[in-house]
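Atom set for the values below is all heavy atoms of this structure, side chains included, hydrogens, waters and symmetry mates excluded.
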Amino acid sequence: MNYKKLFIGTGFSIKSADQKETERIYLDSAASNLALRSSQEITQEYLNYYANAHTKVHMAGKFSTELITWTENTIKDFLGVDHTYSVLFLGNGVTSPLNRLAQGLSALRPDKDTVLISSMEHHSNDLPHRVNHKNVMYISGFNEKGDYIGFDLVKIKEQLENSSGKVDYIAVTGASNVSGEISPYHEIAKLAHQYDAYIIVDGAQLVAHAPVSLMREEDPLSNIDFFVFSGHKIYTPGSPGVLVGKKEILARMEPVLYGGGMVSSVTLSDFTVADHLFDKEHAGTLNIPGIISLGCTIMFMQHLGMENIYNKERNLTNYLYSELSRIPEVILYPKGDITNKIGVVCFNLQSIPHELTSLILNDYFGIAVRNECFCSHPFVKDCLVEELWDIDDESDVNLYRGMVRASLGLYTTEEDLNFFLQSIKSIIENIDFYRMQYEIINKTHYKHKTFDNNIKDYFDVEKKIKKYYEKSYS
Ligand SMILES: Cc1ncc(COP(=O)(O)O)c(C=O)c1O
């Protein structure tokens, strides 16, 4: 199957700093992946029948209401949950449902004033829990010697044992946006439940790349209480954040947003919050086209088969990892074996700042990667400690506080990776030439001396609007 063709934003050419045309290669899927064409097109067609939901009286209102329910059911099926779970659409990304849970759960069990979080979390799965609880205990991904060990179940059990029943929940990533490691989240759930704690799994990086089943019939203690993800990380930009969680717990949480749609009756002196959980949690108008396009993507992914997707991406990731590890100048992070991972590979090139590597990849080779700390400062810092110590000139340290991340999507091919690997080798061989093309700004950033991408060369939004306007008068 030609996966590239399924997506918007693959296979177009961009200009490089040496005046060549090159195919843009997108290796920044961990930040946001490209849009699945079919869901955008189907949603465009749905707009013919668009109307606000919450009514079944007129045809389009009924259709919207039904399609929202269809998306809820599609998500439930995709994540292997039954009627004891609810699906909520909250905000724009994973960050919104995580904040919702942190606020709601801390208020629900105030005596349990502690949360257990791994040190390998994105800030969005750390800060909301920190600010809503009195105590935070961290599960380190490194041993005393500083070696990466990942998610250590023995340590987690010890922490729970030492917490005197005070842990409200464990918040852990499903797959890390730095190491790519898939966490043993079902095993962690089992431990959490043995100590009367809940579990929140941040599925931002997992949901598009590996099969997920939140319920384990044979071992209900390891069922996941709450799973969060967002549409833009599963090929559906413009769709909402999603919370899938146990209905019985969610129903006991007080709402945080008030307004239309979440009440059953209102007088000037009083109001009654709706009984129905979905209504209670959704004040205001939902992002209806976004929800429907997310449903379309998820059903499409089911047709492709999540096991197939996982295997395809795992083969490519292993290939990339093993080829990079053959290049002596490449430092891969974290240092340690990871067997179960998604397509996220973090690295640096010896003595070349992460930003410079990333800019050269973009400007000369048309390759989009991300650099710096990926909103995971503690984890990235733990990975880099050794190298930062080794820098002789202290004023250079800022330039080396970070790494480069290449992350794969369903559209990534072996040819893309070969081109990326050749580009890395070319950067290493010609680094003196490339360094001369850039100036350093404030000792922290690089800028090409003559080249920049100008949006108007590709997409002049105002010109497009004017053209539409003029056409409507002709
Ligand atoms: C593991 C993880 N959690 C949370 C987030 C935050 O996601 P969002 O930007 O959708 O809120 C990200 C984003 O990169 C992530 O990788």
Side-chain angles (χ1 to χ4, degrees), residues 79-81 84-86 88 94-95 97-141 149-176 181-204 206 212-229 243-254 256 277 378:
L79 296 177
V81 296
T84 58
Y85 284 74
S86 279
L88 305 175
V94 178
T95 309
L98 286 169
N99 274 279
R100 171 70 191 105
L101 284 171
Q103 284 172 20
L105 294 175
S106 65
L108 201 61
R109 305 203 294 180
D111 291 349
K112 289 185 174 278
D113 59 8
T114 303
V115 279
L116 191 50
I117 307 173
S118 100
S119 68
M120 297 166 281
E121 300 306 314
H122 188 281
H123 300 329
S124 292
N125 196 28
D126 175 354
L127 304 184
H129 314 308
R130 269 194 219 189
V131 300
N132 283 289
H133 288 82
K134 199 165 143 207
N135 302 311
V136 181
M137 290 162 76
Y138 285 98
I139 311 156
S140 176
I149 50 165
F151 301 86
D152 184 340
L153 295 172
V154 175
K155 270 195 184 176
I156 296 172
K157 191 173 165 57
E158 265 172 34
Q159 303 248 51
L160 286 164
E161 193 73 51
N162 294 336
S163 74
S164 324
K166 288 279 191 185
V167 174
D168 191 9
Y169 56 79
I170 303 182
V172 72
T173 192
S176 161
E181 179 159 22
I182 297 179
S183 72
Y185 52 91
H186 278 294
E187 284 69 23
I188 298 174
K190 190 166 182 168
L191 286 175
H193 294 145
Q194 282 165 358
Y195 289 84
D196 189 32
Y198 299 135
I199 179 150
I200 298 175
V201 176
D202 172 358
L206 188 64
V212 175
S213 184
L214 302 185
M215 296 183 81
R216 278 191 168 169
E217 241 172 65
E218 71 289 359
D219 186 14
L221 210 56
S222 63
N223 288 353
I224 305 305
D225 300 312
F226 306 102
F227 185 86
V228 296
F229 69 98
L243 163 54
V244 181
K246 284 191 180 155
K247 208 183 265 181
E248 174 270 319
I249 309 170
L250 292 171
R252 287 187 280 124
M253 291 187 342
E254 287 297 318
V256 286
L277 175 62

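- For the pairing with I139, the side chain to side chain contact (heavy atoms under 4.5 Å, CB included) check across D152, I117, L116, V172 returns one residue only, L116.
- Taking all atoms of both residues into account, the shortest heavy-atom contact from A107 to P110 is O-CD, 3.4 Å.
- Side-chain contact between H123 and P378 is present, with heavy atoms from C-beta onward closer than 4.5 Å.
- Within the 4.5 Å cutoff, side-chain heavy atoms of L101 are placed close to those of L250.
- Across all non-hydrogen atoms, the minimal contact from G141 to S119 is N-OG, 3.3 Å.
- Every residue two or more places apart in sequence or in another chain that forms a side-chain contact (heavy atoms from CB on, under 4.5 Å) with L191 is listed here: L153, I156, K157, L160, Q194.
- By the side-chain contact (heavy atoms from CB on, under 4.5 Å) test, S163 pairs with M137, V167, sequence neighbours left out.
- In terms of modelled atom types and a separation under 3.5 Å, the side chain of E248 and the main chain of T84 share no donor-acceptor contact.
- Interatomic distance, S118 OG to I170 CD1, rounded to the nearest 0.5 Å: 10.5 Å.
- D225 and H193 form a side-chain donor-acceptor contact under 3.5 Å, judged by distance and modelled atom types alone.
- More than 12 heavy atoms of other shown residues, nucleotides or ligands fall within 6.0 angstrom of atom NZ in K155.
- Taking the centre and axis of the six-membered ring of F226, the NZ or CZ atom of R100 falls outside the cone set by 45° and 6.0 Å.
- Between atom CG of residue L277 and atom CZ of residue R252 there is a gap of 12.0 Å, rounded to the nearest 0.5 Å.
- Residue N223 holds its CG atom at 8.5 Å from OG of S213, rounded to the nearest 0.5 Å.
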Under the side-chain contact (heavy atoms from CB on, under 4.5 Å) criterion, do H129 and Y169 qualify, and how do the steps go? CA-CA 9 Å; H129 314 308; Y169 56 79; 2.6 Å; yes

Might you work through the side-chain contact (heavy atoms from CB on, under 4.5 Å) test for F229 and V212, ending with a clear yes or no? CA-CA 12 Å; F229 69 98; V212 175; over 6 Å; no

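- A search for salt bridge (charged side-chain N to carboxylate O under 4.0 Å, His left out) contacts involving D219 returns K190, not counting sequence neighbours.
- Across D168, T114, D113, a single residue satisfies side chain to side chain donor-acceptor pair (under 3.5 Å) together with H133, and that is D168.
- Looking at heavy atoms from C-beta onward, F151 lies out of side-chain contact with E187 at the 4.5 angstrom threshold.
- Taking the side chain as every heavy atom from C-beta outward, N132 and V115 never approach each other to under 4.5 Å.
- For the pair S86 (side chain) and K247 (backbone), a donor-acceptor distance under 3.5 Å is absent.
- A 4.5 Å side-chain heavy-atom check between E121 and L98 finds every atom pair outside the cut-off.
- H122 places no side-chain N or O within donor-acceptor distance of the main-chain N or O of T173, the cut-off being under 3.5 Å.
- With hydrogens and angles ignored, the 3.5 Å screen pairs no side-chain donor or acceptor of K166 with any backbone N or O of N135.
- I249 has its side chain within reach of L105: a pair of non-hydrogen atoms, C-beta onward, lies under 4.5 Å apart.
- If you check the side chains of Y195 and E161, you find a donor sitting under 3.5 Å from an acceptor.
- The two residues H186 and L214 have their closest heavy-atom pair at CE1-O, 3.5 Å.
- Note that CZ of F227 and CD1 of I200 are 12.5 Å apart. Values are rounded to the nearest 0.5 Å.
- Of the inter-residue distances, the one linking R216 atom CZ with S222 atom OG reads 4.5 Å to the nearest 0.5 angstrom.
- In this structure the side chain of Y85 reaches within 4.5 angstrom of the side chain of M215, judged on heavy atoms.
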